[in-house]
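Reading through the structure tokens given below for one structure.
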Amino acid sequence: MRTLTGTGVTPLSGLGRVVWYADEIELGNPPDPSEIDADAERARLEDARSTAETDLESERERAEERVGEEEAEVFGAHVQFLNDPQLREDIEDAIEEGLPAEHAVQEGFSGPIEQFEGMEGRMAERADDLRDVRDRLLRVLTDAGGTDLANLPEGSILLAERLTPSDTAKLDPERVAGFATVLGGRTSHAAIFARSLGLPAVVGVGDDLQDIEEGAELVVDGEAGEVIADPDESVRERAATIREVEIRREPVETADGRGIEVAANLGTLAELEGAVEHGADGVGLFRTEFLFLDRESPPDEDEQYETYREALSAFPDGRVVVRTLDVGGDKPIPYLDLPESENPFLGERGIRRSLGPDSELFGSQLRALLRAAAGEGSLAVMFPLVSTVEELESAIEAVERVADDLEREGVEHAVPELGVMVETPGAVFVAEELAARVDFLSIGTNDLAQYVMAAARDDDRVADLHDPLHPPVLRAIARSVEAAHANDAWIGMCGEMAGDPALTELLVGLGLDELSMSAVTIPDVKAGVAESETDAAAALAKEALESPTKHAVTNPVDQ
Ligand code: PEP
Ligand code: MG
């Protein structure tokens, strides 16, 4: 047996046989141009394109069912790349010059891929999309290898250097027993998707993962954060046993009676059912930017209204916290024409855009939200990436303006509970003043850790620093909790930290009123809350807060 450790991202285990993700397809040298029949190659290209398009359509349908309509749109974007007139022309020119179809495809895609690779953030991810489309065509044209992620053999454990969001969305939880990656942390896209799909996964295992051979038997233990090669009988049995976690459908209290809301994070409505099934008390973070991604134009007010109403009707007794549009940083939207930025995480993102260039979109989103708030259920709205009191005041003024407009128009509406995300050191330092102006705060530890520790959330090289267990981040959390409670506001946490069951007792001790996470971790966190005693939890939090180093607070519940 050989055990490697990384970061577990779902409390699930899987046993299976290793399939290494081969993302490069080797073509070898092209034949002499004199041997090429251009008409035949063009016909091969057309056949391959139409097979690829049919496959993409069926994958889009599958992804729609499994992950959600908006995420599945990535396959629609791939169809557009497949039929892009400029790309088609470049590939046909290459055939004309004497290359066979597969080499022409490789050549035609190389320029655009390089172009996107040179860009920032999500634009750079477009290069991954183009590579996907190119490899799909190459797989149809050759049998030169490359892994078809949507059709992995049943019981596969996928190993990869890293996985992009579209890679992960293609995985079929019915066939894939789990995955592990060399790179990546708890907040990487692959980790977030693994949680929505309920897949056992360990990320950030490091280079030792490369030693594990294709076909080897492997256990991925997402709870312990371990990858175990050549597992012995007891480890295999443990991994193959379906973990039975009690689903608690009612809200939970600590052992001594303090109620803590345990809610779900949502990107799309497709995740609603899972949230209800796992016993969520409500929705603590609805990331509405997913409604705007991978489409040609923004959803209008009515479409948004319907979406928010649907989320509210799934939780008639719980609260649904909707976050207003959070774009910029690593979340660009092509039709919003986001400016190129040297440093997108420190540029125009979140509320900064809603109060600036996206103010119209912000207005229509607020109209949809205020209309949705008038119906049954309890809606709350929060603003992302606030760092000054002025920003919050402007956002509240926008809500008041929209309420006045709706009143004048005689449209039924209500002003929901309002809140602010604590994601920046600025927000932490004015948390008292923010809390005095709203009903609640919600801590986004993914961004808070990145800005407090000056460690980008998407840079694997600083993943150790981007850890909310560092005392600076813990102290920022404690300060925010104190500020909220001193101002009669409730305070939740919706960053990935909230969904780590190993940290539940610590978070109870830090005084959070609500924890919001991917649905799959809800049962474990509810169990953790029920087992906690507030005094013991507070003592644990005190110890962690007073510790000068992260090491002393790592996995405090195990100590
Ligand atoms: C966060 O920053 O912790 C958060 C919940 O927001 P997002 O991950 O969507 O940026
Ligand atoms: Mg954030």
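As the structure lists them, so they are numbered: ligands from 1, and atoms in each ligand from 1. The first residue in the sequence is number 1, and the count goes up from there.
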Exercise. For Glu423, what is the atom name of its N, O or S atom nearest to the Mg ion (ligand 2)?
Worked result: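 Looking only at N, O and S atoms of Glu423, the one nearest the Mg ion (ligand 2) is named OE2.
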Can you name the atoms of ligand 1, numbered from 1 with element, that are less than 4.0 Å from a heavy atom of [X]?
X	answer
Asp447	1 (C), 2 (O), 3 (O), 10 (O)
Gly495	3 (O), 5 (C)
Leu285	5 (C)

Within reach of ligand 1, part of [X] (heavy-atom separation under 4.0 Å):
X	value
Arg457	side chain
Met493	neither
Glu496	neither
Ile443	neither

For this session: Give the minimum heavy-atom separation between Leu171 and Leu149, together with the two atoms involved.
Result: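 Looking at all heavy atoms of both residues, the shortest contact is CD2-O, 4.0 Å.
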Problem set entry | Carboxylate-amine/guanidinium proximity below 4.0 Å for Arg349 and Asp326 |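 Result for this pair is yes, salt bridge flagged.
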Scan side-chain atoms only and decide if [X] and [Y] contain a donor-acceptor pair under the 3.5 Å cut-off.
X	Y	result
Asp513	His485	yes
Tyr308	Gln304	yes
Ser518	Asn265	no
Thr288	Gln365	yes

Problem set entry | Whether Asp447 has an N, O or S atom under 2.8 Å from the Mg ion (ligand 2) |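 For Asp447, the answer is yes, given that an N, O or S atom comes within less than 2.8 Å of the Mg ion (ligand 2).
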Problem set entry | Ring geometry between Trp490 and Phe440 (parallel below 30°, tilted from 30 to 60°, perpendicular above 60°) |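 Correct class here is parallel.
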Exercise. Which of the listed options, Cys494, Ala498, Gly444, Ser516, holds the heavy atom that is closest to atom 1 (C) of ligand 1?
Worked result: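 Heavy atom nearest to atom 1 (C) of ligand 1 belongs to Gly444.
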Exercise. Gln450: heavy atom below 4.0 Å from ligand 1, yes or no?
Worked result: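 Gln450: no contact with ligand 1 (<4.0 Å).
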Exercise. For the side chain to side chain donor-acceptor pair (under 3.5 Å) test, which of Thr521, Thr504, Asp281 pairs with Lys526?
Worked result: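 One option only clears the test, and that one is Asp281.
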